[in-house]
Amino acid sequence: MYTLLNTINTPDQLRALGREQLPQLAGELREFLVESVSKTGGHLSSNLGTVELTIALHYIYDTPNDKLVWDVGHQTYAHKILTGRREAMSRLRMAGGIAGFPKREESPYDTFGTGHSSTSISAALGMAVAAHLQGSARRAVAIIGDGAMTGGMAFEALNNAGAMDTNLLVILNDNDMSISRPVGALNNYLARLMSGRFYAAMRRGSEMMLKGMPPVLEFAKRAEEHVKGMVIPGTLFEEFGFNYIGPIDGHDLDALLDTLGNIRKLEGPQFLHIVTQKGKGYALAEEDCLLYHGVSKFDSTQGIQIKESPKPTYTQVFGSWLCDMAAQDERLVGITPAMCEGSGMAEFAGRFPTRYFDVGIAEQHALTFAAGLACDGYKPVVAIYSTFLQRAYDQLIHDIAIQNLPVVLAIDRGGLVGADGATHAGSFDLSYLRCIPNMTVMAPADENECRQMLYTAMQLNTPSAVRYPRGTGPGVAITQEMRALTIGKGELRRKGKRVAILSFGTMLAPALAAAEQLDATVANMRFVKPLDAELVLRLAREHELLVTVEENVVQGGAGSAVAECLQQHGIVIPLLQLGLPDRFIEQGEHGQMLADCGLDASGLIAAIEIHSPPVRNKLAHK
């Protein structure tokens with residue numbers, strides 16, 4: 001079935017093929033991708049679009065000696081398959097399997113770990129400078145998608161690289177055709193011409209000859225820019241100091257091979273613009289590349305069958321609330337850093353288009369943009385993943401919190417995120433949020449509480465955050481009527497003896513299950529900041545052991561807030577803080593990951609038994 005692909009386990013074997021065999025390899029590789037991802041889930045559309053590019057890069061460049069740095073993992077499945085991980089694709093994004101993103105520990109061909117976007121140019125530039133300092137001839141290539149080019153970090157790197165005159169190639173994989181002109185024979189011909197040594201030598205020679213006549217040299221440079229600007233959209237990248245080449249058809253292997261072969265011989269910073277089609281070669285993904293961007297398991301012959309879940313996800317709860325709240329309050333504006341569908345904002349964008357802002361992959365800008373809106377009377381709601389908020393931490397402190405502006409952060413993907421692994425796990429947000437003055441930080445225990453907390457945040461005139469996990473909740477009925485919660489007040493959910501479990505967020509369900517066996521008290525704390533100190537102190541007086549539970553790192557998290565409260569009031573009582581361990585947690589099934597961290601009901605019981613002899617003795621007599 002895969003007569004060529006099955007013979008390729010390393011790029012050396014790929015480079016041993018004749019050029020005439022590469023189109024067949026591309027077809028087999030594309031077919032294998034559809035078959036494999038349909039069985040495991042993962043990112044499909046964008047990976048189908050980079051098949052020819054991946055083959056051409058490994059065919060022309062001496063990998064892994066030459067360094068390929070891919071921007072995020074949405075483009076790297078073909079790369080993984082061609083670098084010895086074809087069989088391992090059967091356990092993609094599973095516990096003990098290979099990651100969905102480039103990972104240095106996984107392969108020498110994964111030169112840089114890239115779970116977040118817009119980092120490839122910076123990393124590749126570092127590698128190019130290292131090669132120069134070492135006197136090495138190896139090359140560095142950054143492959144960045146056009147979505148990632150909306151991130152400011154990419155332009156910071158371009159600005160630096162253009163001024164350093166290093167041997168760096170940046171490839172813009174323009175897979176939405178968002179900034180490109182029509183692609184065809186003329187553009188492919190111009191790319192070959194402008195990447196060739198004759199053109200480069202002529203350019204350098206002209207500069208040398210005209211150096212003594214600065215006005216003429218400047219005129220010649222501007223004339224070249226204008227001539228190139230008439231047929232290619234590269235003036236911006238030329239201004240950064242790059243030699244711009246393209247756009248070319250990213251599915252034309254001959255054009256790619258010739259152009260990359262020429263570029264590899266050139267000195268200085270080069271910029272190659274290619275245009276690819278998401279979902280290329282799989283009709284269903286070509287028709288709806290968004291639906292097939294990130295997929296669960298599906299029948300490759302039937303396509304994705306959309307099934308309605310009986311329980312809404314927390315993301316859907318947020319999206320529904322956002323629309324309801326926007327209908328009530330015209331001051332509400334919604335902001336997302338390129339995660340409209342992922343953050344549940346699609347309906348809002350359709351119903352309130354003038355109040356919806358997708359700022360691109362620019363988290364720092366998103367928060368300061370929100371701050372500006374808040375300054376003039378609007379109530380911005382920023383829908384953002386926990387790990388993406390990490391990228392805008394300075395803006396959160398400097399532009400929002402210090403000025404005490406009423407920006408609502410709807411933080412999705414709080415806690416562990418299953419198959420996406422450590423790069424996307426929201427393990428740290430409670431820790432990094434609760435230390436910021438003026439912040440109110442809420443963690444809902446269920447779907448209805450999530451809706452009410454979002455409404456509560458909207459009523460505040462100060463910065464606030466509602467942090468909720470990926471996926472569905474326990475299935476609590478959602479009250480459409482919205483009411484504001486009392487700030488800083490938790491609730492007692494079960495009255496028991498000896499042990500009091502203080503649950504933060506969605507740890508309430510396992511806490512209640514454990515408490516039934518332990519006959520323990522359970523409090524749903526609701527607020528991480530301000531903490532319900534009155535409830536904490538009352539529980540401390542009435543119990544022999546306090547236990548805090550959170551799906552966040554223990555260091556600096558909600559449990560630390562309880563410890564600080566006890567210390568401030570001079571209360572001495574055993575305190576057991578349970579949360580995520582001090583290590584990065586790899587991908588897997590979410591429930592199993594929690595169990596491995598001791599955060600399921602049995603894990604809580606075991607930990608409490610160890611720290612509470614009376615409870616241990618009671619259970620032993622059962």
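Note that the structure is a prediction, hence the values are computed from the model and not measured.
Two residues are said to be in side-chain contact when any heavy atoms from C-beta on lie closer than 4.5 Å; Phe369 and Val382 fail this criterion. Residues Asp582 and Val554 have side chains not in contact (no heavy-atom distance under 4.5 Å, counting atoms from C-beta outward). The closest side-chain heavy-atom distance from Val499 to Asp519 is not below 4.5 Å. Put simply, the side chain of Pro444 does not reach to within 4.5 Å of the side chain of Arg526, judged on heavy atoms. Side chains of Arg494 and Thr521 form no contact here, defined as non-hydrogen atoms less than 4.5 Å apart. Here the side chains of Leu604 and Leu518 are not in contact, with every heavy-atom distance at 4.5 Å or above. Looking at heavy atoms from C-beta onward, Ile436 lies out of side-chain contact with Val441 at the 4.5 angstrom threshold. Residues Ser386 and Ile411 form a side-chain contact, since some pair of their non-hydrogen atoms from C-beta on lies under 4.5 Å apart.
Minimum heavy-atom separation, Gly97 to Gln587: O-NE2, 3.1 Å. In plain terms, the two heavy atoms of Ala561 and Leu531 that are nearest each other are O-CD2, 3.6 Å. In plain terms, the two heavy atoms of Met149 and Ile144 that are nearest each other are SD-CD1, 3.6 Å. Met453 and Met442 make their closest contact through SD-CB, 3.5 Å (heavy atoms, listed as atom of the first residue, atom of the second, distance). Heavy-atom minimum distance, Ala425 versus Thr387: O-CG2, 3.0 Å. What you find for Leu539 and Ala523 is that their closest heavy atoms are CD1-CB, 3.9 Å.
Exactly one of Val466, Val408, Leu460 qualifies for a side-chain contact (heavy atoms from CB on, under 4.5 Å) with Thr440. That residue is Leu460.
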- [ ] Go through the steps for Glu542 and Arg498 under the test salt bridge (Lys or Arg N to Asp or Glu O under 4.0 Å), then give the verdict.
- [x] CA-CA 8 Å; Glu542 296 173 353; Arg498 291 196 178 97; over 6 Å; no
TODO: For the pair Glu491 and Arg493, evaluate salt bridge (Lys or Arg N to Asp or Glu O under 4.0 Å) and give the outcome as yes or no after the intermediate values.
DONE: CA-CA 6 Å; Glu491 60 170 358; Arg493 292 294 294 268; 3.2 Å; yes
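Atom CE of Met507 sits about 11.5 Å away from atom CG of Leu512, to the nearest 0.5 Å. Between Asp399 atom CG and Gln364 atom CD the span is 9.5 Å, to the nearest 0.5 Å. Here the straight-line distance linking atom CZ of Arg355 with atom CD1 of Ile335 works out to 12.5 Å at 0.5 Å rounding. Annotation: the span from Lys80 atom NZ to Glu106 atom CD amounts to 3.5 Å, rounded to 0.5 Å. From Arg331, atom CZ reaches atom OH of Tyr378 across 11.0 Å, with rounding to the nearest 0.5 Å. Taken to the nearest 0.5 Å, the NZ atom of Lys529 stands 13.0 Å off from the CD1 atom of Ile487.
Among residues at least two apart or in separate chains, salt bridge (charged side-chain N to carboxylate O under 4.0 Å, His left out) pairs with a member in residues 401-425 are Arg93-Asp420, Asp420-Arg470.
Atom CD of Glu481 has 12 or fewer heavy atoms from other residues, nucleotides or ligands within 6.0 Å. The local environment of CZ in Arg104 is sparse, with at most 12 non-hydrogen atoms from other residues, nucleotides or ligands closer than 6.0 Å. Glu564 CD: more than 12 foreign heavy atoms inside a 6.0 Å radius. The neighbour count for Lys311 NZ, taken as heavy atoms of other residues, nucleotides or ligands under 6.0 Å away, is above 12.
Between Asp429 and Arg467, at least one side-chain nitrogen of the basic residue sits less than 4.0 Å from a carboxylate oxygen of the acidic one, meeting the salt-bridge criterion. One finds no salt bridge joining Glu449 and Arg451 here, because no Lys/Arg side-chain nitrogen approaches an Asp/Glu carboxylate oxygen to under 4.0 Å. Ion pairing between Glu534 and Arg538 fails under the 4.0 Å rule for side-chain N and carboxylate O.
Legend: residues meeting ring pair (Phe, Tyr, Trp, His ring centres under 6.0 Å) with Phe428, ordered by chain and number and at least two apart, are absent. The ring pair (Phe, Tyr, Trp, His ring centres under 6.0 Å) check on Phe584 picks up nothing, with sequence neighbours excluded.
Between the side chains of Asp324 and Gln328, no donor N or O sits under 3.5 Å from an acceptor N or O. Side chain to side chain, Ser431 and Asn552 meet the donor-acceptor criterion of an N or O pair below 3.5 Å. Side-chain contact of Gln75 with Asn173: a donor-acceptor pair under 3.5 Å is present, judged by distance alone. With 3.5 Å as the limit, one finds a donor-acceptor pair spanning the side chains of Glu551 and His590.
With hydrogens and angles disregarded, no donor-acceptor distance shorter than 3.5 Å links the side chain of His293 to the backbone of Cys289. Judged purely by atom type and a 3.5 angstrom limit, Gln517 has no side-chain atom pairing as donor or acceptor with the backbone of Ala513.
Aromatic ring orientation, Tyr432 versus Tyr393: perpendicular (interplanar angle above 60°, classes split at 30° and 60°). In this pair, Phe318 and Trp321 present their aromatic rings tilted. The plane angle is within the 30 to 60° band.
If you look at His43 and Tyr292, their ring centroids are not closer than 6.0 Å. Ring-centre distance between Phe388 and His116: below the 6.0 Å cut-off.
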